[in-house]
Amino acid sequence: MIAGLMEARRHFAARRFEKCLTTLAEAGDGALDEPAFWFLRAESLRQLGKSSEAISAARAGLERWPEEIGLLDSLGLALVGSGDLRGGDEIFRRALAIFPGSLSLLAHHATTLARLGKDEEAKHVIQSAMAIAPDSIVVLEAQALVASHSRDPAAGAYLDELVARDPENPHAHVLRGNHAIRRRRVGQAAKAFSEAAALDPENTSVARAARATRVASHPLLLPSRWILALGRRRAQFLYIGLIVVLLATGQGRFVPFVAAFWIVFLVILPRVLRLEQRRRYGKL
């Protein structure tokens with residue numbers, strides 16, 4: 001393999017995606033004739049959140065190697081990341097027609113189907129993957145994600161098994177945190193996101209989620225925790241709706257109490273706690 005590609009692969013394995021892209025750009029024209037170049041470029045761009053560029057890179061590689069499994073997988077994931085779930089579904093079906101036993105393709109297709117609301121088909125794909133490799137971490141992660149998306153009561157148990165089997169996997173803790181958020185359990189979410197942030201300190205979005213949920217789960221905010229769990233927009237609608245109802249029913253005397261509760265528990269205290277989090281952990 002070309003030396004530049006070998007160096008780029010090392011950067012990619014270490015999750016230094018910007019450095020990987022820089023190394024690829026300096027690898028020379030000969031690297032363009034290697035499938036690894038296009039795969040590393042597409043995946044690095046996708047990991048950096050540049051879905052449209054990742055799609056272009058994957059398609060450019062597939063023009064030369066239309067049955068390259070890594071590029072097909074990367075294209076499917078990039079399409080899903082851009083919001084084109086149906087496009088991702090089509091690519092995964094195309095890829096699985098060529099590589100029906102690929103665990104990564106099966107896992108990614110299953111999670112895409114779950115996001116499309118095709119729960120039964122997603123579970124069928126997971127069963128196919130489990131029949132091939134029931135102990136695969138990739139399959140267990142997809143199983144937990146599909147169950148969580150479909151509101152399967154077994155989702156919590158799947159997530160517990162995944163974390164127990166792969167405790168150093170930050171994504172497993174993120175999945176557990178997201179599941180806790182869906183169940184309005186911000187304390188559990190804060191613990192899960194904090195563990196994920198400790199395992200992947202470079203991931204700023206996870207760090208923000210950890211700090212936001214630590215604030216929301218603080219004991220001082222217990223009276224308003226259920227409101228905070230609704231999210232800012234829903235909470236605002238609730239506040240405005242409650243004020244309108246009180247005024248419309250002649251209960252305007254309670255409006256100052258509602259306003260005071262809101263100001264203290266949903267404005268002042270959260271702001272103070274966020275400042276404390278920033279003081280301890282930085283601005284993220």
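Throughout, numbering of the chain's residues begins at 1 and tracks the sequence.
At distances below 3.5 Å, not a single donor-acceptor pair connects side-chain atoms of Ser148 with backbone N or O atoms of Ala144. Remark: side-chain polar atoms of Arg46 are not paired, donor with acceptor, to backbone N or O of Glu53 under 3.5 angstrom. Trp38 places a side-chain N or O within donor-acceptor distance of the main-chain N or O of Leu32, the cut-off being under 3.5 Å.
Heavy-atom neighbours of Lys118 NZ from other residues, nucleotides or ligands within 6.0 Å: above the threshold of 12. The local environment of CZ in Arg271 is sparse, with at most 12 non-hydrogen atoms from other residues, nucleotides or ligands closer than 6.0 Å. Dense packing is recorded around CZ of Phe261, with more than 12 heavy atoms of other residues, nucleotides or ligands lying under 6.0 Å away. Around the CZ atom of Arg41, the shell of radius 6.0 Å holds no more than 12 heavy atoms that belong to other residues, nucleotides or ligands. The environment of CZ in Arg86 is sparse: at most 12 heavy-atom neighbours from other residues, nucleotides or ligands sit within 6.0 Å.
Proximity of His218 to Leu269: side-chain heavy atoms (C-beta onward) are nowhere separated by under 4.5 Å. In this structure, the side chains of Ile132 and Leu106 come closer than 4.5 Å at one or more pairs of heavy atoms. You'll find the side chain of Leu5 reaches within 4.5 Å of the side chain of Leu24, heavy atoms only. Counting only heavy atoms from C-beta outward, the side chains of Pro270 and Leu221 approach each other to under 4.5 Å. Counting only heavy atoms from C-beta outward, the side chains of Arg176 and Lys191 never approach each other to under 4.5 Å. Here the side chains of Lys123 and Glu120 are in contact, with some heavy-atom distance below 4.5 Å. Side-chain contact between Leu145 and Glu141 is absent, with no heavy atoms from C-beta onward closer than 4.5 Å. The shortest side-chain heavy-atom distance between Arg115 and Thr111 does not fall under the 4.5 Å cut-off.
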Would Val206 and Asp200 count as a side-chain contact (heavy atoms from CB on, under 4.5 Å) here? Give the steps. CA-CA 8 Å; Val206 173; Asp200 187 7; 5.6 Å; no

Does the side-chain contact (heavy atoms from CB on, under 4.5 Å) test come out yes or no for Asp135 and Arg165, once each step is laid out? CA-CA 9 Å; Asp135 296 326; Arg165 291 280 307 279; 3.7 Å; yes

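Side chains of Arg234 and Gln236: a donor-acceptor N/O pair is absent below 3.5 angstrom, by distance only. For the residue pair Asp89 and His109, a side-chain donor N or O sits within less than 3.5 Å of a side-chain acceptor on the partner. Between the side chains of Asn203 and Ser205, a donor-acceptor pair is found at a separation under 3.5 Å.
Between the CG atom in Leu247 and the CZ atom in Phe254 there is a gap of 12.5 Å [rounded to 0.5 Å]. Atoms CD and CG, on Glu34 and Leu40 in that order, are 11.0 Å from each other to the nearest 0.5 Å. Going from atom NE2 of His149 over to atom CG of Leu175 covers 8.5 Å, rounded to the nearest 0.5 Å.
A side chain to side chain donor-acceptor pair (under 3.5 Å) with Ser194 is found for one member of Arg214, Arg211, His173 and no other, namely Arg214.
Residue Pro167 comes nearest to Leu199 through the heavy atom pair O-CD1, 3.5 Å, listed as atom of the first residue, atom of the second, then distance. Across every non-hydrogen atom of Ala110 and Val146, the tightest pair is O-CG2, 3.6 Å. When all heavy atoms of Thr249 and Val245 are compared, the closest pair comes out as OG1-O, 2.7 Å.
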Review item, side-chain donor-acceptor pairs of residues 65-80, under 3.5 Å, at least two apart:
from  : atom 1 : to     : atom 2 : distance (Å)
Asp73 : OD1    : His108 : ND1    : 2.7
Asp73 : OD2    : His108 : ND1    : 3.2
Ser74 : OG     : Glu43  : OE2    : 2.7

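Contacts of Glu121 classified as salt bridge (charged side-chain N to carboxylate O under 4.0 Å, His left out), with partners at least two apart in sequence or in another chain: Arg93.
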